[in-house]
Amino acid sequence: MKPAPFRYEKARTLDHAIELIADDARLLAGGQSLIATLNMRLSHPALLVDINGIDGIDGITLKGSQLQIGALTRHAQAERSAEVARHAPLIALAMPHIGHPAIRNRGTVGGSIAFADPAAELPACLVALDGEVDLAGPQGRRTVKADDFFKGLFETALTPREVLTSIRVPAAGANTRVGFAEFARRHGDYAMAGLAACARADGKRLGDVRLAYFGVGTKPVRARQAEAALSGGDIEAAVGALGSDLDPPDDVQASGAVKRHLAGVLLRRVAKQLMEARP
Ligand SMILES: Cc1cc2nc3c(=O)[nH]c(=O)nc-3n(C[C@H](O)[C@H](O)[C@H](O)COP(=O)(O)OP(=O)(O)OC[C@H]3O[C@@H](n4cnc5c(N)ncnc54)[C@H](O)[C@@H]3O)c2cc1C
């Protein structure tokens, strides 16, 4: 199919983009998700506002105790970034699982977070890392915690007139432990179920455990009871707790029962990663 007719404008600056966007407009970043939804006529905005020419909303910078990743940073840039590998190793682990190289060359970090596909890797990483999302709109700038940003199926705290400008995550320290695993039918497909995790090594124990599942609900899902059990060092109790933490619906990829089983397998794998010191 072909998209419904739309107008196209190229934003020169962030302010220009904010001026152009309206309720029936969509921002165009990498286009890897948007163009497909237009072609399938799942979305038919009157106007596309291309943000690819805006300076200052790309790039990866260490700012104090946080790593900031600009919205227009391509997945491939983040995948190859020494800063991401060093300061956000969870994102580095997740990157190769996002689609294929051609998709990662165009797709942006901001687009993935704004699109909020429940089976996407980056939203779950952002939640696991207790990150933040920076937004700019007609009323000025604001920051939203990842836990509050993802609201439901493809639904976020973004209003139709806001631009996501960057994400920020706490820079990893010597005691930071991360873990990542997913099951996909083929490498590069959206995951049937996946898990992004972060913790702080506290002697032989784990503190501040955050487990964010993807592909098992309408948005990234924290497994809070499993987090508590894992902090106590009991992996099997953590797997048992998933029964109350997760209620995955059936979808085209797998039944809820299969996803629940996979969630337990993922947790055993990721718990092992969390308990191993980083080289
Ligand atoms: C075959 C295929 C396989 C894929 N597999 C995966 C996968 O396994 N995992 C995965 O996570 N993703 C996957 N993707 C999606 C890919 O990661 C996309 O790049 C990403 O979801 C959207 O980023 P984008 O820059 O292309 O955004 P676009 O497609 O340009 O935009 C997506 C949506 O976000 C909005 N948006 C974009 N940028 C901003 C911004 N800065 N502020 C506010 N709103 C914004 C747009 O208006 C639009 O509604 C796949 C895509 C394809 C085509």
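As the structure lists them, so they are numbered: ligands from 1, and atoms in each ligand from 1.
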Undergrad: Got the closest protein heavy atom to atom 51 (C) of ligand 1, with its distance?
TA: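 Of every protein heavy atom, I103 CG2, 3.8 Å lies nearest to atom 51 (C) of ligand 1.
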Undergrad: Going by the atom numbers of ligand 1, which of them fall below 4.0 Å from some non-hydrogen atom of S33?
TA: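 In order of numbering, the contacting atoms are 15 (C), 18 (C), 20 (C), 21 (O), 22 (C), 26 (O), 29 (O).
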Undergrad: Which residue supplies the protein heavy atom nearest to atom 53 (C) of ligand 1, what is that atom called, and how far is it?
TA: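 Of the protein heavy atoms, Q32 O, 3.3 Å lies nearest.
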Undergrad: F180 vs F214 aromatic rings, parallel, tilted or perpendicular, using cut-offs 30° and 60°?
TA: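 Because their plane-to-plane angle is under 30°, the rings of F180 and F214 count as parallel.
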Undergrad: Indicate whether any N or O donor in one side chain lies under 3.5 Å from an N or O acceptor in the other, for Q66 and R168.
TA: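 Side chains of Q66 and R168: pair found under 3.5 Å.
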Undergrad: Check each heavy atom of I51 against ligand 1 and say whether those closer than 4.0 Å belong to the side chain, the backbone, both or neither.
TA: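 Within the 4.0 Å criterion, I51 contacts ligand 1 through side-chain atoms alone.
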Undergrad: Does this structure show an ion pair linking E236 with R268, if we count only N-O contacts that are shorter than 4.0 Å?
TA: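 Looking at E236 and R268, the cut-off is met.
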Undergrad: Could you check atom 13 (C) of ligand 1 against the protein and tell me its nearest heavy-atom contact, residue, atom and distance included?
TA: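 Protein heavy atom at minimum distance: Y190 OH, 3.1 Å.
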Undergrad: Got a second to check how far T73's OG1 is from I91's CD1, nearest 0.5 Å?
TA: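 These two atoms lie 10.0 Å from each other.
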Undergrad: Looking only at protein heavy atoms, which one is nearest to atom 33 (C) of ligand 1, and what is the separation?
TA: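 For atom 33 (C) of ligand 1, the nearest protein heavy atom is F115 CD1, 3.7 Å.
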Undergrad: Run the numbers for me: atoms of ligand 1, each under 4.0 Å from some heavy atom of A120, listed by number.
TA: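 This gives 11 (O) as the contact atoms.
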Undergrad: Taking 4.0 Å as the limit for heavy-atom contacts, which would you say applies to L158 with ligand 1: side chain only, backbone only, both, or neither?
TA: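 The answer is the side chain.
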Undergrad: Report yes or no: do D134 and T165 form a side-chain donor-acceptor pair below 3.5 Å?
TA: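 T165 and D134 do not have a side-chain donor-acceptor pair below 3.5 Å.
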Undergrad: Using a strict cut-off of 4.0 Å, indicate which atoms of ligand 1 neighbour a heavy atom of D189.
TA: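 In order of number, 8 (O).
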Undergrad: In ligand 1, which numbered atoms sit nearer than 4.0 Å to a non-hydrogen atom of R26?
TA: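 The atoms of ligand 1 under 4.0 Å from a heavy atom of R26 are 49 (O).
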Undergrad: Among all protein non-hydrogen atoms, which one is nearest to atom 8 (O) of ligand 1, and what is the separation to 0.1 Å?
TA: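 Atom 8 (O) of ligand 1 sits closest to the protein heavy atom G99 N, 3.2 Å.
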Undergrad: With hydrophobic residues grouped by side-chain heavy-atom distances under 4.5 Å, do I98 and L126 end up in a single group?
TA: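 In one cluster: yes.
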Undergrad: Tell me whether L122 reaches ligand 1 (any heavy atom closer than 4.0 angstrom to a ligand atom).
TA: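 Checking ligand 1 against L122, which is what was asked, there is no heavy-atom contact under 4.0 Å.
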Undergrad: Check L34 against ligand 1 and report side chain, backbone, both or neither, counting heavy atoms closer than 4.0 Å.
TA: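 Both parts.
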Undergrad: Looking at D251 and K259, is any side-chain nitrogen of the basic one under 4.0 Å from a carboxylate oxygen of the acidic one?
TA: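 Between D251 and K259 there is a salt bridge, with a charged N closer than 4.0 Å to a carboxylate O.
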Undergrad: Which residue holds the protein heavy atom closest to atom 30 (O) of ligand 1, what is that atom called, and what is the gap in Å?
TA: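 Result: G31 N, 2.7 Å.
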Undergrad: Is the backbone of I54 close enough, under 3.5 Å, to the side chain of R12 for a donor and an acceptor to pair up by distance?
TA: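 Side chain of R12 to backbone of I54: no pair is present.
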Undergrad: How close does the nearest protein non-hydrogen atom get to atom 45 (C) of ligand 1, and which residue and atom is it?
TA: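 It is A114 CB, 3.5 Å.
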Undergrad: Can a salt bridge be assigned to the pair E162 and R142 using a cut-off of 4.0 Å between side-chain N and carboxylate O?
TA: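 Here E162 pairs with R142 in a salt bridge, since their nearest N and O are under 4.0 Å apart.
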Undergrad: State whether the shortest distance between N or O atoms of L27 and N or O atoms of ligand 1 falls below 3.5 angstrom.
TA: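 By distance alone, the answer is yes.
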Undergrad: Quick one: which ligand 1 atoms are inside 4.0 Å of a heavy atom on G30?
TA: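 Result: 24 (P), 25 (O), 26 (O), 27 (O), 30 (O).
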Undergrad: Whether E227 and R210 form a salt bridge (side-chain N of Lys/Arg under 4.0 Å from carboxylate O of Asp/Glu) is what I want to check.
TA: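 A salt bridge is absent here (no side-chain N lies under 4.0 Å from a carboxylate O).
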Undergrad: Check whether any N or O atom of A119, backbone or side chain, sits under 3.5 Å from an N or O atom of ligand 1, and answer yes or no.
TA: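 A119 vs ligand 1: no N/O contact under 3.5 Å.
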Undergrad: Are D148 and K145 close enough for a salt bridge, meaning some N to O gap below 4.0 Å?
TA: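 Salt bridge flag = no for K145 with D148.
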Undergrad: Which atoms of ligand 1 are found less than 4.0 Å from any heavy atom of H75?
TA: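 Here the atoms of ligand 1 in question are 17 (O), 19 (O).
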Undergrad: Considering non-hydrogen atoms of the protein only, which is the closest contact for atom 9 (N) of ligand 1, and what is the distance?
TA: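 Going atom by atom, the protein heavy atom closest to atom 9 (N) of ligand 1 ends up being E121 OE1, 2.7 Å.
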Undergrad: Give the atom numbers and elements of ligand 1 that come within less than 4.0 Å of a heavy atom of G188.
TA: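 Near G188, meaning under 4.0 Å from one of its heavy atoms, ligand 1 has 5 (N), 8 (O).
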Undergrad: Below 4.0 angstrom from a heavy atom of H97, which ligand 1 atoms are there? Numbered from 1 as shown, please.
TA: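 The list of qualifying atoms is 8 (O).
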Undergrad: Using a strict threshold of under 4.0 Å (side-chain N to carboxylate O), is an ion pair present between R222 and D245?
TA: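 No, D245 and R222 are not salt-bridged.
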Undergrad: Report the residue from M275, E276, R269 that forms a side chain to side chain contact (heavy atoms under 4.5 Å, CB included) with K272.
TA: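 It is E276; the other options fail the test.
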